[in-house]
Amino acid sequence: MIDPTLVDVFKRGGIIAYPTEAVFGLGCDPDNEEAILRLLSLKSRHQDKGLILIAGDYSQLLPYVDDEAIPLAKRLDIFSRWPGPITQILPAKKGISPLLTGKFASIAVRITQHPDIITLCQQTGKPIISTSANISGQPALKTWQQIQDGFSDQVDFILKTDTLGLSKPSTIINALTGEILRS
């Protein structure tokens with residue numbers, strides 16, 4: 001069970017810090033542009049880069065992914081990689097915020113296996129923006145204590161649980177070509 005305050009903060013457009021499989025993430029509601037801009041500013045991250053969305057299940061990603069553009073022959077590969085620490089680049093649905101896609105026609109998405117984040121996604125009915133908890137170019141923070149020391153005055157809620165203990169951030173794969181962009 002997660003703190004109901006977390007869900008409320010998320011729904012009101014707050015910035016949250018939360019554990020993922022390997023590092024802590026900073027995130028917000030992917031439909032709240034004001035929150036996204038605040039998050040990008042906090043990280044000193046350029047808008048052209050785009051952002052990752054993590055979800056509890058694939059249906060939560062459908063408002064953002066152009067599901068019809070995914071070839072049938074690729075679906076087994078795509079779905080067999082989840083849940084877990086594999087971020088996949090998929091075609092983006094037309095009309096979603098360019099803050100999510102950056103300069104690309106695609107979007108980075110992942111189905112998490114972290115139980116607290118699955119619960120949060122279930123309780124909000126949507127995915128969360130997921131970007132590492134750090135200033136762009138700096139090492140990602142791995143514990144809630146590091147978040148509390150470094151970002152407590154800049155985030156609205158810190159989920160004080162542990163990561164799943166993996167040693168490195170998610171692998172990023174172009175799901176349609178199989179090209180590994182980050183291993």
Side-chain angles (χ1 to χ4, degrees), residues 2 6-7 10-16 18-23 25-40 43 45-132 159 164 166 168-183:
I2 61 172
L6 174 58
V7 174
F10 177 87
K11 288 181 176 180
R12 285 181 304 149
I15 305 294
I16 60 173
Y18 57 89
T20 67
E21 287 81 2
V23 299
L26 296 176
C28 62
D29 181 340
D31 297 317
N32 186 322
E33 291 209 357
E34 185 178 315
I36 297 169
L37 289 169
R38 186 172 151 227
L39 178 61
L40 292 169
K43 282 189 53 83
R45 182 179 174 93
H46 198 277
Q47 293 179 15
D48 284 352
K49 286 185 160 188
L51 293 160
I52 296 172
L53 296 182
I54 62 171
D57 63 62
Y58 184 69
S59 68
Q60 294 168 343
L61 297 172
L62 291 174
Y64 311 93
V65 171
D66 185 356
D67 188 63
E68 293 178 9
I70 300 171
L72 193 56
K74 296 289 182 183
R75 288 180 177 274
L76 181 59
D77 287 341
I78 290 167
F79 294 124
S80 70
R81 294 181 185 119
W82 288 329
I86 306 290
T87 297
Q88 299 189 77
I89 308 299
L90 293 173
K93 190 166 265 185
K94 291 189 183 349
I96 66 169
S97 172
L99 295 174
L100 299 176
T101 59
K103 62 182 178 181
F104 308 100
S106 56
I107 188 160
V109 295
R110 181 168 83 245
I111 307 298
T112 186
Q113 64 190 119
H114 197 292
D116 291 328
I117 306 313
I118 292 169
T119 300
L120 176 61
C121 291
Q122 289 170 340
Q123 290 181 2
T124 62
K126 60 173 50 180
I128 306 166
I129 286 181
S130 185
T131 182
S132 56
L159 183 56
L164 296 183
L166 299 183
K168 59 183 182 169
S170 67
T171 297
I172 300 177
I173 297 174
N174 180 319
L176 301 186
T177 67
E179 178 186 4
I180 296 175
L181 305 170
R182 178 177 78 188
S183 61

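Residues meeting the side-chain hydrogen bond (donor to acceptor under 3.5 Å, both in side chains) test with Thr124, sequence neighbours left out: none. Taking the side chain to side chain contact (heavy atoms under 4.5 Å, CB included) definition, one finds that Cys28 meets it with Ile15, Ala35, Ile36, Leu39, Ile129, sequence neighbours left out. Every residue was checked against the salt bridge (Lys or Arg N to Asp or Glu O under 4.0 Å) condition with Arg81, not counting sequence neighbours, and none meets it. Under the side chain to side chain contact (heavy atoms under 4.5 Å, CB included) criterion, Ser106 pairs with Ile89, Phe104, sequence neighbours left out. Here Ala55 pairs with Gln60, Leu61, Ile111, Pro127 under the side chain to side chain contact (heavy atoms under 4.5 Å, CB included) rule; sequence neighbours left out. Residues passing the side chain to side chain contact (heavy atoms under 4.5 Å, CB included) test with Glu179 are Asn174, Thr177, Leu181, sequence neighbours excluded. Qualifying side-chain hydrogen bond (donor to acceptor under 3.5 Å, both in side chains) partners for Gln113, counting only residues two or more places apart in sequence or in other chains: none. Asp31 is linked by a salt bridge (Lys or Arg N to Asp or Glu O under 4.0 Å) to Lys126, counting only residues two or more places apart in sequence or in another chain.
Within the 4.5 Å cutoff, the side chain of Thr112 has no heavy atoms near those of the Thr20 side chain. Asn32 is not listed as a side-chain neighbour of Arg12, based on a closest heavy-atom distance of 4.5 Å or more. Inter-residue side-chain proximity for Thr171 and Ile180 is flagged as met; some heavy-atom pair is nearer than 4.5 Å. Using a 4.5 Å heavy-atom cutoff, the side chains of Pro91 and Ile70 are in contact.
Taken from CD1 in Ile16 to CD1 in Ile117, the straight-line distance is 6.5 Å, to the nearest 0.5 Å. Here Ser183 contributes atom OG and Lys168 contributes atom NZ; the two are 5.0 Å apart, rounded to the nearest 0.5 Å. In this structure, the separation between CD1 on Ile52 and OG1 on Thr131 is 7.0 Å, given to the nearest 0.5 Å. Between Leu37 atom CG and Ser97 atom OG the span is 8.0 Å, to the nearest 0.5 Å. To the nearest 0.5 angstrom, Ser170 atom OG is 7.5 Å from Ile86 atom CD1.
Smallest separation of non-hydrogen atoms from Ala22 and Pro169: CB-N, 4.1 Å. The minimum heavy-atom distance linking Ala92 with Thr101 is given by the pair CB-CG2, 3.7 Å. Closest of all the heavy-atom pairs between Ile96 and Pro63 is CG2-O, 3.6 Å. Nearest heavy-atom pair across Ala175 and Gln88 is CB-OE1, 3.5 Å. For the pair Ala108 and Thr87, the tightest heavy-atom approach, listed with the atom from each and the gap, is CB-CG2, 3.8 Å. The minimum heavy-atom distance linking Arg45 with Gly50 is given by the pair NH2-O, 2.7 Å.
Not a single donor-acceptor pair under 3.5 Å links the side chain of Gln123 to the backbone N or O of Val7.
Sorted by first and then second residue, the pairs that involve residues 62-75 and meet salt bridge (Lys or Arg N to Asp or Glu O under 4.0 Å), not counting sequence neighbours, are Asp67-Arg75. Applying the salt bridge (Lys or Arg N to Asp or Glu O under 4.0 Å) definition to pairs two or more places apart or across chains, those involving residues 104-114 are Glu21-Arg110. Applying the salt bridge (Lys or Arg N to Asp or Glu O under 4.0 Å) test to residues at least two apart or on different chains, none of the pairs has a partner in residues 92-109. The stretch residues 54-94 participates, sequence neighbours left out, in these ring pair (Phe, Tyr, Trp, His ring centres under 6.0 Å) pairs: Tyr58-Phe79.
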- In sequence, state the C-alpha distance, the side-chain angles, and the governing distance for Leu120 and Leu159, and then conclude on side chain to side chain contact (heavy atoms under 4.5 Å, CB included). CA-CA 11 Å; Leu120 176 61; Leu159 183 56; over 6 Å; no
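Partner of Tyr18 under the side chain to side chain contact (heavy atoms under 4.5 Å, CB included) criterion, out of Ile54, Asp116, Leu26: Ile54 alone.
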